[in-house]
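Have a look at the structure below, then the notes.
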Amino acid sequence: MKKLLIATNNKGKVKELQDLLKGLDLELLTPADINLDLDVEEDGTTYDENAAKKAIAFAQASGLISLADDSGLEVDAFDGAPGLYSARYHPKPGAKDADRRAYMLENLKDKPRPWTAHFHATIAISAPQNDIQIVDGNCYGEIIPEERGDNGFGYDPIFLFPELNKTMAELGMEEKNRLSHRAKAVMNAIPILKKIFGL
Ligand code: ITT
């Protein structure tokens, strides 16, 4: 079977990408499945650069066609920050998702509501001959001052879809994978994967 490496070390992303790509006739592998321990330095200044860097590094290390995701949360009251720095949005080394959420709420508390925001995901696919294909997706909502829901990861418990009155962490996988930035990016990636793999 044709193999695709899901080139991320983020377990939340792995689960979502496995579910989003399960309809394709591909064997989906994770870095753990092939004993690949690779941490790529994300020193780009755009999502595209970081996503491409991750896809290339994983493809070179594994010899497999690789799909990488670079994503982030853009908060309008912070002029789009933390954006591509979302995973590192806390001054303390070793900070966890919960620390980053608390830090974001602390920094937002004196700003007028609604705290509108959107998630962005860029997906890069390394094709043979070092060709890189890039697509993206966004989803819009607002940050709320208390955590709701246990699903998902990262900033999901404080990101509300106002029209559903549910946070991203209150959605089941199937619902998040219809609405999320990552779902939209994958929708754009599917025709590219079909072409690369001849599906
Ligand atoms: P990889 O680089 O190994 O893929 P990472 O977690 O470092 O994993 P990013 O650099 O792309 O990935 O950082 C994205 C961060 O943005 C992520 O750690 C979360 O804090 C946040 N984020 C992205 N997508 C999210 C989602 O669907 N729900 C909640 N938070 C999300």
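Start at 1 and go down the list; that is how both ligands and their atoms are numbered.
- The part of F119 lying near ligand 1 is the side chain, judged by heavy-atom distances below 4.0 Å.
- The closest protein non-hydrogen atom to atom 20 (O) of ligand 1 is Y155 CE1, 3.2 Å.
- A heavy-atom distance below 4.5 Å is not found between the side chains of L73 and Y89.
- Salt bridge annotation for D70-K53: absent, with no cationic side-chain nitrogen under 4.0 angstrom from a carboxylate oxygen.
- The protein heavy-atom contact nearest to atom 27 (O) of ligand 1 is K176 NZ, 2.8 Å.
- The heavy-atom pair separating Y85 from G44 by the smallest distance is OH-O, 4.3 Å.
- Between D25 and K2 there is no salt bridge, since none of the side-chain N atoms of the basic residue sits less than 4.0 Å from a carboxylate O of the acidic one.
- Ligand 1 has D69 within reach: a non-hydrogen atom of the residue lies less than 4.0 Å from it.
- Side chains of H181 and N138: a donor-acceptor N/O pair is absent below 3.5 angstrom, by distance only.
- The protein non-hydrogen atom at the shortest distance from atom 16 (O) of ligand 1 is S86 CB, 3.4 Å.
- Which parts of ligand 1 touch G154 is read off a 4.0 Å heavy-atom cut-off, strictly below it: atoms 29 (C), 30 (N).
- The closest side-chain heavy-atom distance from M168 to F119 is below 4.5 Å.
- Nearest protein neighbour of atom 8 (O) of ligand 1, counting heavy atoms only, is N10 CB, 3.5 Å.
- Short contacts between ligand 1 and K54, defined as distances under 4.0 Å to a heavy atom of the residue, involve ligand atoms 1 (P), 2 (O), 4 (O), 9 (P), 10 (O), 11 (O).
- Using a cutoff of 4.0 Å between basic side-chain nitrogens and carboxylate oxygens, D69 and K54 are not scored as salt-bridged.
- G152 does not count as a contact of ligand 1, since none of its heavy atoms falls under 4.0 Å from the ligand.
- R88 does not count as a contact of ligand 1, since none of its heavy atoms falls under 4.0 Å from the ligand.
- If you check which protein heavy atom lies closest to atom 13 (O) of ligand 1, you get A87 CB, 3.4 Å.
- Taking 4.0 Å as the cut-off between side-chain N and carboxylate O, R178 and E174 count as a salt-bridged pair.
- Between S71 and ligand 1, at least one N/O pair is under 3.5 Å apart.
- Looking only at heavy atoms of the protein, atom 10 (O) of ligand 1 is closest to E42 OE1, 2.8 Å.
- Residue, atom and distance of the protein heavy atom nearest to atom 28 (N) of ligand 1 are D156 OD1, 2.6 Å.
- Nearest protein neighbour of atom 12 (O) of ligand 1, counting heavy atoms only, is K13 NZ, 2.8 Å.
- Near D70, meaning under 4.0 Å from any of its heavy atoms, are these atoms of ligand 1: 9 (P), 10 (O), 11 (O).
- The closest side-chain heavy-atom distance from E142 to R113 is below 4.5 Å.
- Looking at R100 next to ligand 1, no N or O pair under 3.5 Å apart turns up.
- Applying the 4.0 Å criterion to heavy atoms of N9 picks out, from ligand 1, the atoms 3 (O).
- Scanning Y89, F153, F159 for the heavy atom closest to atom 25 (C) of ligand 1 points to F153.
- Of the possible donor and acceptor atoms, one in the side chain of T167 sits under 3.5 Å from a partner among the backbone N and O of R148.
- For ligand 1, the atoms closer than 4.0 angstrom to any heavy atom of G72 are 16 (O).
- Annotation for ligand 1: atoms under 4.0 Å from non-hydrogen atoms of T8 are 1 (P), 3 (O), 4 (O), 8 (O).
- Side-chain contact check for N10 and T8: no donor-acceptor pair (N or O, by modelled atom type) lies under 3.5 Å.
- Aromatic ring centres of F159 and F161: separated by under 6.0 Å.
- Salt bridge status for K96 with D99: absent, with no side-chain N to carboxylate O gap under 4.0 Å.
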